[in-house]
Amino acid sequence: MIKLTNVSKEYPNRGYALRDISLHVKKGEFAFLTGHSGSGKSTAMRLVHMSDRPTGGEVRVTGYSSDRVSDRELWKIRRRVGFVFQDFRLLPGRTALENISFVLECTGTPRQDIVPRTQRLLAQVGLSTKAGALVHELSGGEQQRVAIARSLANSPYVLLADEPTGNLDDRATRGVMDLFWDINAQGMAMLMATHDLELVRRYPHARVFELDNGRLVYDSAVA
Amino acid sequence: MHALREALAAFRRAPVLTGLASAMVGLALFVIGLFGLATHNLQLALSEFEDRVEIAVYLRDDARQSEIDLAQMELGDIPEVQSVRYISKAEALERAQAQLPDFSELFDNLDVNPLPQSLEVKLRPGERTQVVVEAVSAAALRYAFVEDAQYGREWVDRLFALRRIGAATTVAMGSALALVAALIIGTALRIAIFARREEIYIMRLVGATNGFIRRPFLLEGAIAGLIGGGLAWLMTWGTYRGVYAFLFELAWIPPLWIVGGLASGAAFGAIASIFAIGRHLREL
């Protein structure tokens, strides 16, 4: 599902953000990408999402290669890869339901299917009763659940999450993590970037990659 | 359909911002409207002067009537010529008496009519240019019995110089004002789109195609431009009525110009939106 082969990313004037990284997340696998701030986690996530291109090596996601995919085809990858942010990035002034249905409208879902499918997604994240709530009326944990439901709207093969619990309290964090595991149990590959090692230790069955100064220094599968 | 729904929803969700964008477009087009009003009236004034451009072909007293008839016919056959009228010596004197009443005594005491017979050559509208006037005069002067051909060279030259200056000013000022309007419209829509960059980002994130993202913004820009065009029309109309009522008479802009103004408002809005959104489409 996600395969990085000798991937490097060098920025002009800033040097290497990633250097010669190789990692592989298989279908149905749950993997953490850990490391301190500035270790290259977010850069790696951006490369996997193909929001950015590597300066060396190859990124393969759901069958698409960074070497071959053109900018005009990126939308195809985006429909196969869900993305969850630390700061939720919901559209203010819209309800929970509208934030999710917006995705379905954007990807050409037939109009009559949009509301039932949105309601199913809200039910999946435990927010059936909050469909009509505006974003600012939801707690942080609820907002993140809406963001997760939104990321699932296209039925992606891979879910990427960049510090998704960074803005949540402990209880909300547990709720979100349980949700991620439920989603993963349905066969979706999951790559979650976090600097919270305490959180990572709570899930010993998950695969763990650790980055340090742009290099991969630990892979639990080969440790 | 989704594009139109989203474009209209943008006006509902952020009425102040989209209203301000429309108002800015309106003000920019209002300046163009005022310029159009002034240009149109200046054109009308110049056209009125131009209507008076005619060539007086003075004939010798000994010219035979058959020769005069032939010249009248041949000059009338020139495509740029609208009409050729023969003015006899007697008619010329009558006119002079009517136009110069102060000299009536002098005219009454004349033993011999000193005024020459002539042909009055009128040109077709749109053909009253310096080149045509000179060409027709030269054609008239080729007849042996023609003594002189006059068209008030001095004031005609001035009129055409004024026309040239008017045309150059219209092009230069019109272009400058259109450029300023385009920049204002572009900036207004850029601000409106910047406020919605998160929406564009999310659309890109979830796999919307660029065309799908562009369409609602394109329509929104066109609608804002159209509303702005409508506002500009109202403001220009108000100014026209005010000037007409309190300062001087003037003519209203031709309907085709108004339709053109509204269409260019919509087109400006749509194009400005396309440019403004381009940067955001490269962000993810």
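Letters A, B, ... mirror the listed sequences (proteins, then strands); counts begin at 1.
Environment of CD in Gln112(A): crowded, with over 12 heavy atoms of neighbouring residues, nucleotides or ligands closer than 6.0 Å. For CZ of Arg124(B), the number of neighbouring non-hydrogen atoms (other residues, nucleotides, ligands) closer than 6.0 Å is greater than 12. Residue-environment remark: NZ (Lys9(A)) exceeds the threshold of 12 foreign heavy atoms within 6.0 Å. More than 12 heavy atoms of other residues, nucleotides or ligands shown are found within 6.0 angstrom of NE2 on His40(B). Annotation: Tyr240(B), atom OH; neighbour count of heavy atoms from other residues, nucleotides and ligands within 6.0 Å is above 12. Atom CG of Leu256(B) is surrounded by 12 or fewer heavy atoms from other residues, nucleotides or ligands within 6.0 Å.
Checked by atom type and distance alone, the side chain of Arg79(A) pairs as donor or acceptor with a backbone atom of Gly207(B) at under 3.5 Å. Side-chain atoms of Asn154(A) come within 3.5 Å of backbone atoms of Val206(B) as a donor-acceptor pair (strictly under, hydrogens ignored).
Remark: Glu199(B) does not engage Arg89(A) in a salt bridge, criterion side-chain N to carboxylate O under 4.0 Å.
Atom CG of Leu74(A) and atom CG of Asn210(B) lie 9.0 Å apart (nearest 0.5 Å). Of the inter-residue distances, the one linking Cys106(A) atom SG with Ile202(B) atom CD1 reads 9.5 Å to the nearest 0.5 angstrom.
Annotation: side chain of Phe102(A) is in contact with side chain of Met203(B) (closest heavy-atom distance under 4.5 Å). Side-chain contact between Phe85(A) and Leu205(B) is present, with heavy atoms from C-beta onward closer than 4.5 Å.
No other option in Arg72(A), Arg94(A), Lys76(A) has as many heavy-atom pairs under 4.5 Å with chain B as Arg94(A).
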